[in-house]
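Working notes, beginning with the structure itself.
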There are 2 protein chains.
Amino acid sequence: MVVIVVSGRKRKFDEQTALQAAMEVFWAKGFVGASLADLTKSMNINKPSMYSAFGNKETLFIKATQHYIDNNMQAHLGVLLAPELPLKTRLKNYMMSIVGMQCSTDHPKGCYLVLCQSEVAGGDIPEQATKLLLEIESAPIALLSDLFNTDNEAITLGLNENAASNALTLYTALKGTAAMARSKVTSTELEFVIDTILAGVFNTSKNYSTPKAILQ
Amino acid sequence: MVVIVVSGRKRKFDEQTALQAAMEVFWAKGFVGASLADLTKSMNINKPSMYSAFGNKETLFIKATQHYIDNNMQAHLGVLLAPELPLKTRLKNYMMSIVGMQCSTDHPKGCYLVLCQSEVAGGDIPEQATKLLLEIESAPIALLSDLFNTDNEAITLGLNENAASNALTLYTALKGTAAMARSKVTSTELEFVIDTILAGVFNTSKNYSTPKAILQ
DNA sequence: ACTTAAACGTACCATTAGGTACAATATAGA
DNA sequence: TCTATATTGTACCTAATGGTACGTTTAAGT
């Protein structure tokens, strides 16, 4: 990041610190629920400073969302791709790493993205922000799907047969834990959930056939 | 429901129809995101009529929430408690019945309750409404937990050993599918997810021990 | 037909929403 | 030190928010 300063009064606040504060407000309240007053109060700056530094509410949101991804999502990738560990262990570590964040008391509970993505259907999120939120959705599914398709152990276990569905299952589970975390459920309680779901993915992979909708 | 009419002009709108319309707005937008203008427009009445019939935004929300439970949640209970069917089948039917509703095009996607419960943490939902949303949360978990504790087949399979955790697992899965449904994922795609998770619950019940947080 | 009471529609209230104009202030370079 | 430029704080803008006052309209009971 290159900052060119020609002259003029210096900024009193740190842009990254302010962005972090804005991110936490969106995390707690969503895009629609976060007011400019909420945001600027947490960021500890006034509105003109916010507008000059970040554009408007939508562009601030886009930057905050990117900040969330960079600082709160990417970190979990390491444990997923860690070599030398069995696939199931890597998946468990990855999922529990995310669940741990969802339940942490260091910031709002749950997942920033799950909350804001659920607002999209309401139709009150501006165009560019909506586009970003929809794009983000596909990345983790593609990542897991790709893993099931290419990992040697996954192929041996037959998990590649239903790679997309298995990825969807884990992603759905993480959206569920995000919602539960918002309701103050603990990481310890959710570990059972993750273990059970992983057991389902690993045990049912070999003899799965397309099920019927309602069984009699 | 007893309606005593003394005299005066007759209502032009049907209260249940209006409540249904309000419910769908809250379902799409949440409590905070739904404005009085959104609500009265969908209800096809004006504000004074709304206030005289339903009190205010919060009491309207409480009635709409109860309407949702009565009309969109209770219906699924039948298939869960249907006698003569294996437990796993009953659970699958119950969950797919809910997933089918979450994915239906007859109303907003996802779950009214999951959306509104996720707004609670934002702090912008009034007291009584918050209380109701939190109370509602415990019912389905208690129902499933009780089922695992008392159903003969569940006991035989050892599912009662971790009744509360198994209930939490299924409830978490349903919250996940609610979030996925909002993103236009289909009921067919989610059936795989439900099957996998049920397989996990039913297969891991016999030899489960408390897991460690991060495995090496 | 007349009275009484309820629902309706318009117009309004105070507050908050997102967003800006502008003067005062602080800084770097000449 | 002077000038050019960028940030700050205050005060304001318009539109939308949840909520109401009040006069008009419609119906039931007599």
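Each chain gets a letter, A, B and so on, in the order its sequence line appears, and its residues count up from 1. Just so you know, these numbers use all the heavy atoms, side chains as well, and skip hydrogens, waters and symmetry mates.
- Heavy-atom nearest nucleotides on DNA chain D were determined for A/Ser52 and for B/Met50, and the one closer to the 5' end corresponds to A/Ser52.
- A donor-acceptor pair under 3.5 Å links the side-chain atoms of A/Glu58 to the main chain of A/Gln128, judged by distance alone.
- The 5' end of DNA chain D is approached more closely, in terms of each residue's nearest nucleotide, by A/Ser49 than by the other of B/Ala37 and A/Ser49.
- For the pair B/Asn46 and C/dC8, the criterion of a side-chain N or O lying under 4.0 Å from OP1 or OP2 is not met.
- With rounding to whole Å, B/Ile45 atom CD1 is found 10 Å from C/dG9 atom P.
- A heavy-atom distance below 4.5 Å is not found between the side chains of B/Leu170 and B/Leu174.
- Contact annotation: A/Lys12 does not reach the phosphate of D/dT8 (side-chain N/O to OP1 or OP2, under 4.0 Å).
- When the nucleotides C/dC8, C/dT20, D/dT8 are ranked by their closest atom to the side chain of A/Tyr51, C/dT20 comes out on top.
- A sub-4.0 Å separation between OP1 or OP2 of C/dA7 and a side-chain N or O of B/Arg11 is present.
- You'll find the side chain of B/Cys103 stays beyond 4.5 Å of the side chain of B/Thr186, heavy atoms only.
- When distances run from any side-chain atom of A/Pro48 to the nucleotides D/dG9, D/dA21, C/dA7, the shortest one goes to D/dG9.
- Within the 4.0 Å cut-off from OP1 or OP2 of C/dT27, not a single side-chain nitrogen or oxygen of A/Ser7 is found.
- The interatomic distance linking A/Phe61 (CZ) with C/dG19 (P) rounds to 14 Å, in whole Å.
- Side chains of B/Phe13 and B/Asn44 form no contact here, defined as non-hydrogen atoms less than 4.5 Å apart.
- To the nearest angstrom, C1' of D/dT7 lies 14 Å from CZ of A/Phe54.
- Here the P atom of nucleotide D/dG18 and the NZ atom of B/Lys41 are 15 Å apart, to the nearest Å.
- Side-chain nitrogen and oxygen atoms of B/Lys47 include none within less than 4.0 Å of the OP1 or OP2 phosphate oxygen of D/dT20.
- Protein atom CG of B/Asp14 is 14 Å distant from nucleotide atom P of C/dA7, rounded to whole Å.
- Comparing C/dG9, D/dT17, C/dG19 by their nearest atom to the side chain of A/Asn56 picks out C/dG19.
- Closest to the side chain of B/Arg9, from the set C/dT10, D/dT24, D/dA28, is D/dT24.
- OP1 or OP2 of C/dG18 has at least one side-chain nitrogen or oxygen of A/Lys57 nearer than 4.0 Å.
- The separation between A/Leu36 atom CG and D/dA15 atom P is 18 Å, rounded to whole Å.
- D/dT26 atom C1' lies 15 Å from atom CZ of B/Phe13, rounded to whole Å.
- One interatomic measurement links the two molecules: CG of B/Leu39 to P of D/dG19, which rounds to 11 Å at whole-angstrom precision.
- The backbone N or O of A/Ser165 lies less than 3.5 Å from a partner atom in the side chain of A/Thr169, making a donor-acceptor pair.
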